[in-house]
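Because only heavy atoms are used, hydrogens play no part in the values below, and waters and symmetry mates are left out as well, while side chains stay in.
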Amino acid sequence: MKYMRCLINSYICQFHKCYFSSKHSVELLPEVQTLLDSGVMKHRKHPGIRKLPPLQLPADLIEAVYRLVSNENESRILKEAAELKSFLASRRLPIEEDEVNFRLAKYFGPNKDVMTKEQLIKAKRNIRCEFGRWKPIEYNYYQCLAYLAGKLTSNYASIYKVFSEVNSVLPSFQPRSFFDFGSGVGSAVWAANAMWEKSLDEYFCVDSSASMNEISQALLTDENTGKSSIKNIFFRQFLPASDNIKYDLVVSAFSLLDLPSVEERVRTIDTLWRKTKDILVIIENGNLSGFFSVLDARDYVLQIEKQLPDSNGAHVVIPCPHEFSCPLMKEGSKKTCGFYVPYEDIFPRQRTVLKKDWISYVVLRKGPRPTDSNMWPRIVQPVLKKSHFVICRACCSDGMLKELTITKARHGRHAYRCARSSSLGDQLPLNIEQLENNKDNSVTEDCPEKKINKE
């Protein structure tokens, strides 16, 4: 048995010798080290932990949802909710006009020039249908109820998770005004109220669907008194034309993929950023389409702030510890930078159903990054835990992905146990430096094979 363990671990070490192109010096932050030494802090609760227990909707919101759904054919609504949720989860970015024209030229060749206007429109429509990448959704009242039953709980949990991390990283941030683009059934409003109820005194919601706004208001209205559970909340169908009024917290959650083109997405992000006084939050599904739309918005905001001569700049609060290009794109990986959000679904009734969603998000803030801001490495892939070492793949402050092999013997008990207690989405309270001489710091020093041989 010892021989087999030794052989397996030897193969693992040989793999890491080939995989790693460089080594890193890893050191636990002194203030964290002190707290762990004194026993004030537990390793599983180190300051980089971002995990939350499965989230639940507020009790009064659950009652309001059940009341609305009960007024209609509940089984039909739940069936449509499952179909709608599946469609949204697999939704792709809309095909752009340049790509349509390229396909036209490829399919029809010289015949394209002699096609009538009606034939051209029909051909373009067929191309879009053929690729099935995107189609608009017209939300009538029943579809809005389906969205309510299928997406309210997961959307609320996702938004609350991001708000919770903002509150953890920026405890002094206490927004007074809130703007929600694509507010839907009000998930972001309820999450913001749960997080910053004492400071927020104005909510402004925009959704193009009148039925969505109607349902949002119905969820907020007390059935007995007729009063809204959240005061100073306003609903509109269109974005305000003026940029004079700005909001402390601006949110676009699960709305960018409803826009028909990249041009429209860029225009919307530009408008939202101009209406942002302090923080802009963008959240989408964690599939490739959602990740790319979040990444495009992030890069656009950072780029325009660099180009404007009178700009104070912008920086990423979470999840990136840097303002460089995404390292996943440099590698050409098809994996997304996403994180799991666990929650308790409210359907079917009288039963606890635990689920989790995969989301991508970014939080941008006006102004340059403060010198004392949190730039700890963030774990972007599942942690690999072995008997004597832990492997973390983290996105670091220099804009690079780094493989960190952390052992008790080399990096100390505290650093090892903090890494072992961490998971995807957590931050590591570590200082990381690149080592010039890899020969003196080879992976074999961390190899558990030595310990096994000693046994």
| message | Distance to the ring centre below 6.0 angstrom and angle to the axis at most 45 degrees; does that hold for K275 and Y247? | response |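 No cation-pi geometry.
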
Does the pair [X]/[Y] count as a salt bridge with the N-to-O cut at 4.0 Å?
| X | Y | answer |
| --- | --- | --- |
| D248 | R176 | no |
| K355 | D345 | yes |
| R378 | E165 | yes |

Is there a side-chain contact between [X] and [Y] in this structure, where contact means two heavy atoms from C-beta onward sitting under 4.5 Å apart?
| X | Y | answer |
| --- | --- | --- |
| L219 | L61 | yes |
| K161 | R50 | yes |
| V169 | I318 | yes |
| N285 | S360 | no |
| K246 | F179 | no |
| I379 | Q427 | no |
| I283 | V362 | no |
| T336 | F292 | no |

In this structure, which one of [options] forms a side-chain contact (heavy atoms from CB on, under 4.5 Å) with [X]?
| X | options | result |
| --- | --- | --- |
| V251 | V281, V363, I282 | V281 |
| Y160 | V341, L57, L55 | L55 |
| P429 | H46, H414, Q33 | H46 |

| said: Strictly by side-chain hydrogen bond (donor to acceptor under 3.5 Å, both in side chains), give each pair with a member in residues 211-222 just once, sequence neighbours left out. | reply: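 Sorted pair list: D222-T225.
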
| request: Apply the test side-chain contact (heavy atoms from CB on, under 4.5 Å) to residues R420 and K385: give CA-CA distance (whole Å), side-chain angles for both, the deciding distance (0.1 Å), then the verdict. | output: CA-CA 7 Å; R420 198 170 187 87; K385 302 175 184 178; 3.9 Å; yes

Neighbour count >12 (heavy atoms, 6.0 Å) for atom [atom1], [X]:
| X | atom1 | answer |
| --- | --- | --- |
| E138 | CD | no |
| K45 | NZ | no |
| I137 | CD1 | yes |
| K356 | NZ | no |
| K277 | NZ | no |
| E263 | CD | no |

| Just by distance, do the side chain of R369 and the backbone of V316 share a donor-acceptor pair under 3.5 Å? |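 The answer is yes, because a donor-acceptor pair under 3.5 Å joins these two groups.
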
| said: For W376, is there any backbone N or O sitting under 3.5 Å from a side-chain donor or acceptor partner on N374? | reply: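 Side chain of N374 to backbone of W376, a donor-acceptor pair under 3.5 Å: yes, one is there.
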
| task | Scan K79, R349, R67 and name whichever one has a salt bridge (charged side-chain N to carboxylate O under 4.0 Å, His left out) with E74. | result |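 Exactly one option meets the salt bridge (charged side-chain N to carboxylate O under 4.0 Å, His left out) with E74, and it is R349.
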
| Pairwise salt bridge (charged side-chain N to carboxylate O under 4.0 Å, His left out) hits with a residue in residues 249-262, at least two apart |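 Only R91-D258 qualify under salt bridge (charged side-chain N to carboxylate O under 4.0 Å, His left out).
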
Quiz question: by atom type and distance under 3.5 Å, do the side chains of [X] and [Y] form a donor-acceptor pair?
| X | Y | result |
| --- | --- | --- |
| S75 | N73 | yes |
| N155 | Y147 | yes |
| D207 | Q237 | no |

| Going through the distances and angles, do S164 and L52 end up as a side-chain contact (heavy atoms from CB on, under 4.5 Å)? | CA-CA 9 Å; S164 174; L52 290 176; 4.0 Å; yes

Between [X] and [Y], does the ring centre distance come in under 6.0 Å?
| X | Y | result |
| --- | --- | --- |
| F178 | F204 | no |
| F339 | Y361 | yes |
| Y66 | F347 | yes |
| W196 | F173 | yes |
| Y340 | W358 | yes |

| field | Step-by-step side-chain contact (heavy atoms from CB on, under 4.5 Å) determination, R236 to F234 | value | CA-CA 7 Å; R236 298 289 186 274; F234 308 95; 4.1 Å; yes

| task | Check ring pair (Phe, Tyr, Trp, His ring centres under 6.0 Å) between H315 and all other residues, then give those that pass, not counting sequence neighbours. | result |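 H315 satisfies ring pair (Phe, Tyr, Trp, His ring centres under 6.0 Å) with no residue once adjacent residues are dropped.
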
| Separation of I269 CD1 from D299 CG (nearest 0.5 Å) |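 One gets 11.5 Å once the value is rounded to the nearest 0.5 Å.
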
| query | Could you walk me through whether M375 and H322 pass the side-chain contact (heavy atoms from CB on, under 4.5 Å) check? | reply | CA-CA 7 Å; M375 298 177 69; H322 60 83; 5.5 Å; no

| request: Take D180 and Y203 through the side-chain hydrogen bond (donor to acceptor under 3.5 Å, both in side chains) test and state the conclusion after the steps. | output: CA-CA 8 Å; D180 185 11; Y203 301 81; over 6 Å; no

